[in-house]
*Asks:* 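One structure is given below, represented as structure tokens, and several questions about it will come after.
Order of the sequence lines sets the chain letters (A, B, ...), proteins ahead of strands, with each chain counted from 1. Treat the numbers as computed from the prediction; the structure is a model and nothing was measured.
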Number of protein chains: 2
Amino acid sequence: MTQKPNIRDVAKLAGVSTATVSRTLAQPAMVKEETRRRVMSAVEAMGFVPNSSARVLRTQTSKTVILLVRDISNPFYLDIYKGVEEAAFEAGYKVLMGDARDDDVRIEHYIDTVRERHADGMILMIGHLPEKLITGAAKLPPIVVALEAIENLELPTVRVDNVAAARKAVRHLVDLGHRRIAHITGPLDEYLGKARLEGYRRALEEAGIAFDPDLVLAGDFSLVVGHNQTERLLDRRIPFTAIFAASDQMAIGAVTALRSRSLTIPDNVSVVGFDDTLMASMIDPALTTIHQPRREIGRAAMGLMIERLTKAGTPADRCFPTELVVRGSTGPCAATVSP
Amino acid sequence: MTQKPNIRDVAKLAGVSTATVSRTLAQPAMVKEETRRRVMSAVEAMGFVPNSSARVLRTQTSKTVILLVRDISNPFYLDIYKGVEEAAFEAGYKVLMGDARDDDVRIEHYIDTVRERHADGMILMIGHLPEKLITGAAKLPPIVVALEAIENLELPTVRVDNVAAARKAVRHLVDLGHRRIAHITGPLDEYLGKARLEGYRRALEEAGIAFDPDLVLAGDFSLVVGHNQTERLLDRRIPFTAIFAASDQMAIGAVTALRSRSLTIPDNVSVVGFDDTLMASMIDPALTTIHQPRREIGRAAMGLMIERLTKAGTPADRCFPTELVVRGSTGPCAATVSP
DNA sequence: TTGAAAGCGCTAACAC
DNA sequence: GTGTTAGCGCTTTCAA
């Protein structure tokens with residue numbers, strides 16, 4: 001037998017029907033002990049592995065879930081993935097991670113993967129869907145959203161309070177005496193960017209600090225944009241003493257930009273990030289940032305997905321707390337920077 | 001039609017046979033223009049997406065490849081993934097990334113995924129396979145190895161010259177006047193760890209420096225082990241002026257350990273890493289390290305896989321050059337550290 | 001407790 | 001150029 005054996009080969013060798021082999025593998029309790037033993041040794045002998053396509057075709061369920069993230073090169077998603085994968089593994093599911101790269105074609109491609117029944121559902125960590133998918137939302141496969149929000153679409157979601165978290169971050173700077181606080185935002189056409197900007201505004205308002213649009217720089221969570229926007233800020237000679245970036249990646253970009261202009265952190269400028277990625281604690285000085293329980297968020301997202309897949313009705317949203325982690329990148333406000 | 005439509009539904013609506021629908025989608029040239037148009041509009045109207053399980057079952061090929069990596073939390077693999085994904089996308093393949101975590105059960109699980117025909121083949125970036133898979137190697141699915149090597153198994157491989165690269169790294173330190181150079185190794189029961197250690201030895205030999213086993217510390221590429229082994233080295237009060245770590249992660253661990261003992265880099269100790277990950281250029285001082293063309297390596301690995309899958313015979317190995325990137329973490333040898 | 005047999009949705013060989 | 005049809009390998013009634 002050089003060919004890959006199928007269930008019929010095993011059945012023949014064990015002297016039973018294919019149905020019995022199938023049962024032995026899926027519901028051993030239904031099969032008499034002796035028969036089961038015979039079947040199992042035939043399975044062993046032939047190295048039989050059931051063909052999952054045939055099973056999926058027959059049962060219409062693939063026990064696989066896709067985790068679609070905004071940008072796979074952001075280490076933030078790795079811990080989410082681990083949480084998702086753990087919960088999935090425990091429930092007998094597999095996880096595939098996909099990289100959306102902010103590209104509608106890629107997104108549709110992954111949605112089709114689910115439609116093709118390659119996967120049962122999809123955990124989204126992206127802030128928008130292509131227009132046509134939203135208007136035809138009725139046809140969307142099972143989806144759970146984690147940490148993001150898709151406009152005009154009500155979907156089971158794992159959330160954190162982004163407004164409150166950003167407010168906490170900025171308030172920390174205010175408490176240190178800063179009043180000229182710049183903000184490098186996330187994408188402002190999406191929930192995540194908007195919510196963190198809103199938290200920034202509220203913290204200023206509470207402190208009686210006027211909102212200055214010149215201090216708000218549009219970002220996209222990426223390191224290089226954080227770097228460039230900080231340079232722009234410096235070039236425009238707008239005075240500021242602190243930066244709140246909507247992601248650690250952008251905060252680190254800001255740090256490198258400040259350094260290249262010979263500014264020290266936190267003596268000249270305090271910097272706060274968002275996410276508490278590994279790199280935040282690695283750089284020197286370590287980054288003050290907002291921590292989110294990534295592993296648990298991942299587990300919860302997979303939990304909602306399983307609920308969505310196995311029970312009727314829409315599962316209830318889950319909400320997780322965030323935490324301000326104070327490290328070396330923030331300090332008391334000394335003098336205003338005007339390079 | 002609230003149910004998911006199948007090819008029969010489309011055929012009925014278009015007034016053709018299922019075969020024609022199938023052809024229209026797979027080989028449009030074979031279908032008359034007018035028929036094709038009718039079919040396509042039926043497909044659109046019903047939102048038909050072919051069921052891939054059925055196709056896989058029928059064609060025995062899934063157009064999917066698994067990329068199995070040693071540790072998904074090492075950012076090194078992200079760029080590899082991107083290269084693999086690009087080449088795959090162009091050839092109409094999909095890529096799934098799996099996390100081996102040095103866990104035989106997980107590895108077998110992924111191999112089974114291929115056996116189940118969920119994927120056509122597997123790109124390995126792990127340094128060993130479970131014993132039983134190696135002895136039964138004849139039954140292994142199509143595999144390409146990237147950057148690693150599996151003992152007792154000849155498989156199509158994308159390689160770099162790890163011995164030469166490590167030698168280059170250590171020679172750089174020698175050229176700076178260092179003679180007491182410590183080495184934090186990779187896993188010494190695997191090719192990658194052994195090869196880099198070998199390069200270290202050769203560079204010392206060439207410089208007429210005696211090999212001192214006390215300066216060799218067993219590692220596993222992880223940050224935390226790099227940190228701990230450096231602490232151990234310091235605790236043992238063995239004099240050294242430089243460290244060559246077999247991965248950036250371990251080099252960064254070494255940096256944090258040195259810092260926590262108030263040693264400065266490179267004034268007290270020079271540090272060299274391996275991989276040139278993003279973090280290497282981010283930390284301060286930036287890390288001197290070995291660069292590997294990750295994206296191209298990923299593309300090449302997928303290229304070999306496609307060759308393996310579509311042509312007869314074993315594809316030829318590919319070899320890529322490495323490059324020493326000198327940054328701030330290495331400097332002239334001043335005095336020997338003896339804390 | 002087991003077997004026979006239908007059929008999941010698709011593709012490809014063959015017939016027209 | 002297009003239709004008919006036989007399975008790919010499995011699970012799951014239904015019957016025994």
*Asks:* Closer than 4.0 angstrom, basic N to acidic O: yes or no for A:Arg115 and A:Asp112?
*Replies:*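 Salt bridge: yes.
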
*Asks:* Is a salt bridge present between A:Lys82 and A:Glu86, judged by a nitrogen-to-oxygen distance below 4.0 Å?
*Replies:*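 Salt bridge flag = no for A:Glu86 with A:Lys82.
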
*Asks:* Cation-pi check, A:Arg106 to B:Phe89: give yes when NZ or CZ is under 6.0 Å from the six-membered ring centre and within 45° of the ring axis, no otherwise.
*Replies:*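 Yes, cation above the ring, under 6.0 Å and within 45°.
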
*Asks:* List the protein contact pattern of nucleotides 7-16 of chain D with one symbol per nucleotide (5' to 3'): B for base contact, S for sugar-phosphate-only contact, - for none; contact means a heavy-atom distance under 4.0 Å.
*Replies:* BBBBBBB---

*Asks:* Could you tell me whether A:Arg101 and A:Asp99 have a side-chain N and a carboxylate O separated by less than 4.0 Å?
*Replies:*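 So A:Arg101 pairs with A:Asp99 through a salt bridge.
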
*Asks:* To the closest 0.5 Å, what do you measure between CD (B:Glu90) and CD (B:Glu85)?
*Replies:*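 These two atoms lie 9.5 Å from each other.
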
*Asks:* Using a 4.0 Å cut-off on heavy atoms, which residues in residues 31-44 of chain A reach DNA chain C? List them by number, or say none.
*Replies:*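 Output list: A:Val31, A:Lys32, A:Thr35.
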
*Asks:* Examine the side chains of B:Asp189 and B:His128 and answer whether a donor and an acceptor come within less than 3.5 Å of each other.
*Replies:*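 No, no side-chain donor-acceptor contact under 3.5 Å.
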
*Asks:* Mind checking A:Val16 for me? I need base, sugar-phosphate or nothing, with any heavy atom below 4.0 Å counting as a touch.
*Replies:*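 Sugar-phosphate contact only.
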
*Asks:* If you measure from the Lys or Arg side-chain nitrogens to the Asp or Glu carboxylate oxygens, is any gap between B:Glu148 and B:Arg159 under 4.0 Å?
*Replies:*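 B:Arg159 and B:Glu148: not salt-bridged.
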
*Asks:* Separation of A:Met30 atom CE from C:dG3 atom P, in whole Å?
*Replies:*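 After rounding, the reported distance stands at 12 Å.
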
*Asks:* Run A:Asp275 and A:Gln292 through side-chain hydrogen bond (donor to acceptor under 3.5 Å, both in side chains) and show every step you take.
*Replies:* CA-CA 6 Å; A:Asp275 286 345; A:Gln292 310 182 55; 3.3 Å; yes

